[in-house]
Amino acid sequence: MSPPSLGVVLVTAGSEAEADRLARHLVDSRLAACVSVLPVRSLYRWQGEVQSEAEWQLIVKTDLSQFEALSAAIALHHSYEVPEVIALPIVEGLPAYLSWLQAQVQEP
């Protein structure tokens, strides 16, 4: 069973370059242990209109006790007026992976 503070944060970005820049910043600053980046198509309502856009999905593996700092960093470095930042807890996982994840988001 995982420690209750470990989780996944979902973030979308408008370009691969932005997604890579955000992912690098989060890992470099130890706000994330790992960020997976995938191309996606998002359909959503924005300012009364339905939009369909190609985006990049970031799957951020982190310690959710750092969520406030992580979401502030995303908001500061993101091009969207209202970026997606959604946290989900990890309820189970391979113990060795979860230990690695926890170690990566701690100060050395």
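A quick note: this is a predicted structure, and the numbers were derived from the prediction, not measured. Only this structure's heavy atoms are used, side chains among them; waters, hydrogens and symmetry mates stay out.
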Nearest 0.5 Å please: distance from the [atom1] atom of [X] over to the [atom2] atom of [Y].
| X | Y | atom1 | atom2 | result |
| --- | --- | --- | --- | --- |
| Leu10 | Gln57 | CG | CD | 5.0 Å |
| Leu26 | Leu58 | CG | CG | 7.5 Å |
| Ser29 | His77 | OG | NE2 | 8.0 Å |

(message) Apply side chain to side chain contact (heavy atoms under 4.5 Å, CB included) to residues Val85 and Phe67 and explain how you reach the verdict.
(response) CA-CA 10 Å; Val85 183; Phe67 182 79; 3.7 Å; yes
Would a single hydrophobic cluster contain both [Y] and [X], if residues Ile, Leu, Val, Met, Phe, Trp and Tyr are joined by side-chain heavy-atom contacts under 4.5 Å?
| X | Y | value |
| --- | --- | --- |
| Val37 | Ile74 | yes |
| Leu6 | Trp100 | yes |
| Leu38 | Ile86 | yes |
| Leu94 | Ile90 | yes |

(message) Under 3.5 Å, is there a donor on one side chain and an acceptor on the other for Ser42 and Glu53?
(response)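 There is no such pair between these side chains.
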(message) Under a plain distance cut-off of 3.5 Å, with no hydrogens placed, do Tyr44 and Glu49 share a side-chain donor-acceptor pair?
(response)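 No, because no side-chain N or O of Glu49 sits under 3.5 Å from a partner of the opposite role on Tyr44.
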(request) Report yes if some heavy atom in the side chain of Tyr97 is under 4.5 Å from a heavy atom in the side chain of Gln102; otherwise report no. (result)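 Heavy-atom side-chain distance check fails, nothing below 4.5 Å.
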(request) Go through Asp20 and Leu22 one step at a time and tell me if the side chain to side chain contact (heavy atoms under 4.5 Å, CB included) criterion holds. (result) CA-CA 5 Å; Asp20 287 345; Leu22 286 166; over 6 Å; no
(request) Let me see the working for Gln66 and Ser5 under side chain to side chain contact (heavy atoms under 4.5 Å, CB included), right down to the final yes or no. (result) CA-CA 9 Å; Gln66 297 188 59; Ser5 64; over 6 Å; no
Is the backbone N or O of [Y] less than 3.5 Å from a side-chain atom of [X], with the two atoms forming a donor-acceptor pair by type?
| X | Y | value |
| --- | --- | --- |
| Arg41 | Glu55 | no |
| Arg45 | Val50 | no |
| Glu18 | Gly14 | yes |
| His78 | Thr12 | yes |

Looking only at heavy atoms, which two atoms of [X] and [Y] are closest? And how far apart?
| X | Y | answer |
| --- | --- | --- |
| Ser15 | Trp56 | C-CD1, 3.1 Å |
| Ala75 | Pro83 | CA-CG, 4.5 Å |
| Ala103 | Arg30 | O-NH1, 3.6 Å |

(message) Taking side chain to side chain contact (heavy atoms under 4.5 Å, CB included) as the criterion, tell me which of Val105, Val11, Leu31 meets it with Leu70.
(response)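 So the option named by the test is Leu31.
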(message) Test side chain to side chain contact (heavy atoms under 4.5 Å, CB included) on Val60 and Val8; report intermediate values, then the result.
(response) CA-CA 5 Å; Val60 181; Val8 171; 6.0 Å; no
(message) How about CD on Gln106, more than 12 heavy atoms from neighbouring residues, nucleotides or ligands closer than 6.0 Å, or not?
(response)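 Enclosed: over 12 neighbouring heavy atoms sit under 6.0 Å from CD of Gln106.
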(request) Could you tell me which residues satisfy side-chain hydrogen bond (donor to acceptor under 3.5 Å, both in side chains) with Ser65, sequence neighbours excluded, listed by chain and number? (result)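 Counting only residues at least two positions away or on another chain, Ser65 forms a side-chain hydrogen bond (donor to acceptor under 3.5 Å, both in side chains) with Asp63.
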